[in-house]
Visitor: 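To start, I am sharing the structure in question, which I have written as structure tokens.
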Amino acid sequence: MTTPSENESAAPSDFIRDAVAEDIRTGKRKQICTRFPPEPNGYLHIGHAKAICLNFGIAHEFGGVCNVRMDDTNPTKEEAEYVDSIMFDVHWLIDGWANKNLGRAPGFASDYFDQLYTYAVELVRKGKAYVCDMTPEETDEYRRLGKEGPFRNRSVDENLDFLARMKAGEFPDGARTLRAKIDMSAPNVWLRDPVLYRIRHAEHHQTGNKWCIYPMYDFAHTLSDYIEGITHSVCTLEFEVHRPLYEWLLEALELPAPRPHQYEFARLNINYTVMSKRKLMQLVNDGLVNGWDDPRMPTISGIRRRGMTASALRVFAYNIGITKYPSMTDVAVLEHTVREEFNRTSPRRLAVLRPIKVVITNYPEGQVEELDAVNNPEDPAGGSRKIPFSRELFIDSADFTETPPPKYFRLKPGSEVRLKYAYIIKCDEVVKDENGEVIELRCTADLESKSGGATSSRKIKGTIHWVSASQAIDAEVRLYDRLFTVAEPDGDFKTLLNPHSLEVVAAKCEPSLKDADSNVRYQFERLGYFALDPDSQPGKLVFNRTITLKDTWAKMEGRAPSRP
RNA sequence: UGCCUCGUAGUGUAAUGGUAGCACCAGAGAUUCUGGAUCUCUUUGUCAAGGUUCGAAUCCUUGCGAGGCAGCCA
């Protein structure tokens, strides 16, 4: 599987890659090194996938490496269990594409705590950092006002002493901080003596109880980048105002070149979903979805379980581009990307979601024919398979109506449709139960009209899918729709959930699906693309509908396209 | 409020002083044993006003609008 970004002629271009290319052209950089720095405090989502594809994409295209580095500087919020899920998702996403460009992984910012502390001491020695005794509230207040605090001009020796004692655990949480000594009147608040270290008597998932002081993001991240020889440190827009601090730290420590540079791009937003960790966490904790990997979630694990592929995600990341404009991407772009791939690659199968019985009255009882069915009309090498046909069949209830609207091409009383790969049938009689519900259709087949037969070229407007009743196998099919009813769920977003985002049906499938492969995405003809769910067990198939087919008929009817 | 960044069809993105393109979406038609796919066609755009220039989406000024930051979170 290739993605556009693997194709030389279609290599993506954006302002960050332009900068990388320029650095190589001028000889400023020989070896490119990027990094993906997740905080292990939650699951990765499709926004992270964009960042992963960008950072690994750059490494891949320019022959460099990309380090995955856990940004684990806050032990009170982070947990080891997330590290595994993050690495699993990263590997899944880059495997077969940029796994050769993966640097050391997983790495941890905490691997550098000793070195970082040395840098902190160095900063103090240079008179560029000091220990501050103000409370968090006071610190806030002074920074807002641009006022210098009373501890700002302690001597180097005093600062060294206090820092060592902070490290030694002499002070309680929050009692003191190490702060950069920059400029309390700077217009950019991140230059108003930002905190570099805080005291946290907390056990860290990697370093245990070794430390009771932990570096802040800016300090740890900047210097970890430097230590690893990162050339291009790519982050999202909200860190733009931190860039002067990033550069100040490298300069204050007089670190020899080459130094890393920070670039910022707009994070991904997609409509009809939410992307913030906080909101996703609420959906999970409130039981509004079935866990982080619920196929309706925009998490990588959810998307994977839904049946989308890493390659489709990579193409999507390529398609949406990289800019500094905070945009809202239409989920239709993702859906199109998935359909485009699956149309090319998915074997076709017949499955009936909401079965209604059909009896072919002029077809001999007990007779079973094996009919040829093409596996994939888009792929001549895909071959064909046999599907059984018999007197009793199931068709989808959506494919029959007694009260057809104009231009209805499917089955209706007294009218004909073609059964895909089989015969043209005519509906003679509608059998109902005592409640007036249709329970059976009695039809006659044009026995010469079998695909390839004498009257097979008769023009029949409608073609529907079906399965043979006695050979059909059962499957639970989970039909997913968008999670929210509004494009941009905000405010009380939990009241905006789509009540029809999950519907479970008992489907009848053609027998070959008995051996369904979890690595294969099947197209159930006329319905959509389906993937085996991990809940499947021998003898109990569970399929997730990854995405419907485009449905222009539904559109004409004014129905939601994904709700047949 | 201060500081930073960003404004190109409905959406997302190209054009790096020289013909405003592409994709998605939407609409029309052709075709079809998937109302799928495929093919053809169509609608719609440079936030505004000035300025520089032979020539401005691009450079300058002002205005307007949007987003971000102002945790001892990342």
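No hydrogens, no waters, no symmetry mates; every other heavy atom, side chains included, goes into these values. Here is the naming used below: chain letters follow the sequence lines, and residue numbers restart at 1 for every chain.
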Visitor: Does the distance from a Lys or Arg side-chain N to an Asp or Glu carboxylate O, for A:Glu335 and A:Lys550, drop under 4.0 Å?
Guide: no

Visitor: Would the base of B:G35 count as contacting A:Glu557 through its side chain, where contact means a donor and an acceptor less than 3.5 Å apart?
Guide: no

Visitor: Less than 4.0 angstrom from a charged side-chain N to a carboxylate O is my criterion; do A:Arg69 and A:Asp225 meet it?
Guide: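 A:Asp225 and A:Arg69: salt-bridged.
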
Visitor: Round to a whole Å and report the spacing from CG of A:Leu145 to P of B:G2.
Guide: 16 Å

Visitor: Using the side-chain heavy atoms of A:Glu240, tell me which of these nucleotides is nearest: B:U34, B:C4, B:C3.
Guide: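 Closest nucleotide among those given: B:C4.
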
Visitor: Hunt down the Watson-Crick or G-U wobble partner of B:U52, both distances under 3.5 Å, from any strand shown, or write none.
Guide: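 B:U52 is unpaired by these criteria.
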
Visitor: What's A:Tyr421 touching, base or sugar-phosphate or nothing? Going by heavy atoms closer than 4.0 Å.
Guide: base

Visitor: I need the CD1-P distance between A:Ile16 and B:U13, as an integer number of Å.
Guide: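 Value for this atom pair: 13 Å.
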
Visitor: Between A:Glu510 and A:Arg385, does any side-chain N to carboxylate O distance fall below 4.0 Å?
Guide: yes

Visitor: Taking any heavy-atom pair under 4.0 Å as a contact, classify A:Lys420: base, sugar-phosphate, or nothing.
Guide: base

Visitor: Return the nucleotide paired to B:C73: Watson-Crick means purine N1 to pyrimidine N3 with N6-O4 or O6-N4, wobble means G-U with N1-O2 and O6-N3, both under 3.5 Å.
Guide: none

Visitor: Output all residues satisfying salt bridge (charged side-chain N to carboxylate O under 4.0 Å, His left out) with A:Asp71, sequence neighbours left out; order by chain, then residue number.
Guide: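 Expected list: none.
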
Visitor: If I pick the P atom on B:U16 and the same atom on B:A57, what distance separates them, to the nearest angstrom?
Guide: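 It comes out at 12 Å once rounded to the nearest Å.
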
Visitor: Check the distance between B:G12's C1' and A:Phe316's CZ and give it to me in whole angstrom.
Guide: 9 Å

Visitor: For nucleotides 57-61 of chain B, which of its nitrogen or oxygen atoms have a protein nitrogen or oxygen under 3.5 Å away, and what is each distance?
Guide:
none

Visitor: Quantified in whole Å, what is the P atom distance between nucleotide B:G10 and nucleotide B:U44?
Guide: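 10 Å, rounded to whole Å.
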
Visitor: Classify A:Tyr408 by what it touches in the nucleic acid, base, sugar-phosphate, or nothing, heavy-atom distance under 4.0 Å.
Guide: base

Visitor: Can you measure A:Lys324 atom NZ to B:A14 atom P for me and round it to whole angstrom units?
Guide: 13 Å

Visitor: Output yes when A:Glu170 and A:Arg176 qualify as a salt bridge under the 4.0 Å nitrogen-oxygen rule, no when they do not.
Guide: no

Visitor: In plain terms, say whether A:Arg521 and A:Glu341 are close enough for a salt bridge, that is, a side-chain N and a carboxylate O under 4.0 Å apart.
Guide: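 Salt bridge between A:Arg521 and A:Glu341, a charged N being under 4.0 Å from a carboxylate O: no.
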
Visitor: Counting Watson-Crick and G-U wobble pairs only, both distances under 3.5 Å, name the nucleotide matched with B:A57, or none.
Guide: none

Visitor: Can you give me the closest heavy-atom contact between A:His221 and A:Pro37, atom names plus distance?
Guide: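 Shortest heavy-atom separation between A:His221 and A:Pro37 comes out as NE2-CG, 3.8 Å.
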
Visitor: Calculate the interatomic distance between A:Phe400 atom CZ and B:G35 atom P; express it in whole Å.
Guide: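 Nearest whole value for this atom pair: 18 Å.
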
Visitor: Looking across every strand, which nucleic acid part, if any, lies under 4.0 Å from A:Glu335 by heavy atom: base, sugar-phosphate, or nothing?
Guide: nothing

Visitor: Watson-Crick or G-U wobble partner for B:A28, using a 3.5 Å limit on both distances?
Guide: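 Across any shown strand, B:A28 pairs with B:U40.
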
Visitor: Please tell me which of A:Ser327 and A:Pro406 maps to the more 5' nucleotide of RNA chain B, matching each residue to the nucleotide holding its nearest heavy atom.
Guide: A:Ser327

Visitor: Could you identify the nucleotide paired to B:U46, looking across every strand shown and requiring Watson-Crick or G-U wobble geometry with both distances under 3.5 Å?
Guide: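 Partner of B:U46: none found under 3.5 Å.
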
Visitor: Which value, in whole Å, describes the distance between the P atoms of nucleotides B:A49 and B:C54?
Guide: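 Looking at atom P only, B:A49 and B:C54 are 23 Å apart.
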
Visitor: Strictly below 4.0 Å, N to O, side chains only: are A:Lys386 and A:Asp372 in salt-bridge contact?
Guide: yes

Visitor: A:Phe342 CZ to B:A37 P: how many Å, rounded?
Guide: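 Distance, rounded to whole Å: 15 Å.
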
Visitor: Closer than 4.0 angstrom, basic N to acidic O: yes or no for A:Arg458 and A:Glu416?
Guide: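 Between A:Glu416 and A:Arg458 there is a salt bridge, with a charged N closer than 4.0 Å to a carboxylate O.
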
Visitor: If the glycosidic angle is within 90 degrees of 0 it's syn, otherwise anti, so just tell me which one B:G71 is.
Guide: syn

Visitor: For A:Tyr325, answer base if it contacts any base atom (sugar-phosphate contacts may also be present), sugar-phosphate if it contacts only those atoms, and nothing otherwise; contact means non-hydrogen atoms under 4.0 Å.
Guide: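 Result for A:Tyr325 = sugar-phosphate.
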
Visitor: Show the nearest heavy-atom pair for residues A:Ala266 and A:Lys50, with the distance to one decimal.
Guide: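 Closest approach of A:Ala266 to A:Lys50: O-NZ, 2.7 Å.
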
Visitor: When the P atoms of B:C60 and B:C6 are considered, how many whole Å apart are they?
Guide: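 My reading of the P atoms in B:C60 and B:C6 gives 11 Å.
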
Visitor: Could you tell me whether A:Glu228 and A:Arg35 make a salt bridge, using a distance below 4.0 angstrom between a side-chain N and a carboxylate O?
Guide: no

Visitor: Compute whether any side-chain donor of one residue and acceptor of the other, for A:Arg349 and A:Ser512, lie under 3.5 angstrom apart.
Guide: yes

Visitor: OP1 or OP2 of B:U13 less than 4.0 angstrom from a side-chain nitrogen or oxygen of A:Thr323, does that happen here?
Guide: yes

Visitor: Name the orientation class of the two ring planes belonging to A:Tyr423 and A:Phe389 (parallel below 30°, tilted from 30 to 60°, perpendicular beyond 60°).
Guide: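 Tilted, since the angle between the ring planes falls between 30° and 60°.
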
Visitor: What pairs with A:Glu378 under salt bridge (charged side-chain N to carboxylate O under 4.0 Å, His left out), at least two apart in sequence or on another chain?
Guide: none

Visitor: Parallel, tilted or perpendicular, judged at 30° and 60°: which one describes the rings of A:Trp211 and A:Tyr117?
Guide: tilted

Visitor: Take the protein atom CZ of A:Arg526 and the nucleotide atom C1' of B:U34, then report the distance between them rounded to whole Å.
Guide: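 After rounding, the gap between these two atoms is 7 Å.
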
Visitor: Under 3.5 Å for both donor-acceptor distances, Watson-Crick or wobble: does B:A66 have a partner, and if so which one?
Guide: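 Pairing partner: B:U5.
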
Visitor: Sticking with atom P, work out how far B:C25 lies from B:C64, rounded to a whole angstrom.
Guide: 38 Å

Visitor: Do NZ/NE/NH1/NH2 and the carboxylate oxygens of A:Asp183 and A:Arg192 come within less than 4.0 Å?
Guide: no

Visitor: Report yes or no: is there a donor-acceptor pair, N or O only, under 3.5 Å between the side chain of A:Glu264 and the base of B:U5?
Guide: no

Visitor: Measuring only the C1' atom in each nucleotide, how far is B:A9 from B:U5? A whole number of Å is fine.
Guide: 24 Å

Visitor: Quick one, A:Gln262 with A:Tyr246, criterion side-chain hydrogen bond (donor to acceptor under 3.5 Å, both in side chains). Give me CA distance, side-chain angles, the key distance, then yes/no.
Guide: CA-CA 8 Å; A:Gln262 177 180 304; A:Tyr246 188 97; 5.7 Å; no

Visitor: Nearest-nucleotide wise, let me know which of A:Thr329 and A:Ile460 is further upstream toward the 5' end of RNA chain B.
Guide: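 On the 5' side of the pair lies A:Thr329.
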
Visitor: Distance check, C1' atoms only: B:G35 and B:A30, in whole angstrom units.
Guide: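 Approximately 15 Å lies between the C1' atom of B:G35 and that of B:A30.
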
Visitor: Along nucleotides 69-74 of chain B, 5' to 3', which nucleotides get a B, which get an S, and which get a -, given that the test is a protein heavy-atom distance under 4.0 Å?
Guide: SSSBSB

Visitor: For a quick check, with a 4.0 angstrom heavy-atom cut-off, what is the B/S/- contact string for nucleotides 16-27 of chain B, read 5' to 3'?
Guide: B-------SSSS

Visitor: Taking RNA chain B as the partner, which of residues 269-282 of chain A come within under 4.0 angstrom of it by heavy atom?
Guide: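 Those residues: none at all.
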
Visitor: May I have the distance from A:Leu245 (atom CG) to B:G68 (atom P), rounded to whole angstrom?
Guide: 21 Å

Visitor: With rounding to whole Å, what would you report as the distance between B:G17 and B:U46 at their C1' atoms?
Guide: 15 Å

Visitor: Could you tell me whether A:Arg526 and A:Asp399 make a salt bridge, using a distance below 4.0 angstrom between a side-chain N and a carboxylate O?
Guide: yes

Visitor: In the strands shown, is B:C22 matched to any nucleotide by a Watson-Crick or G-U wobble pair with both distances under 3.5 Å, and which?
Guide: B:G12

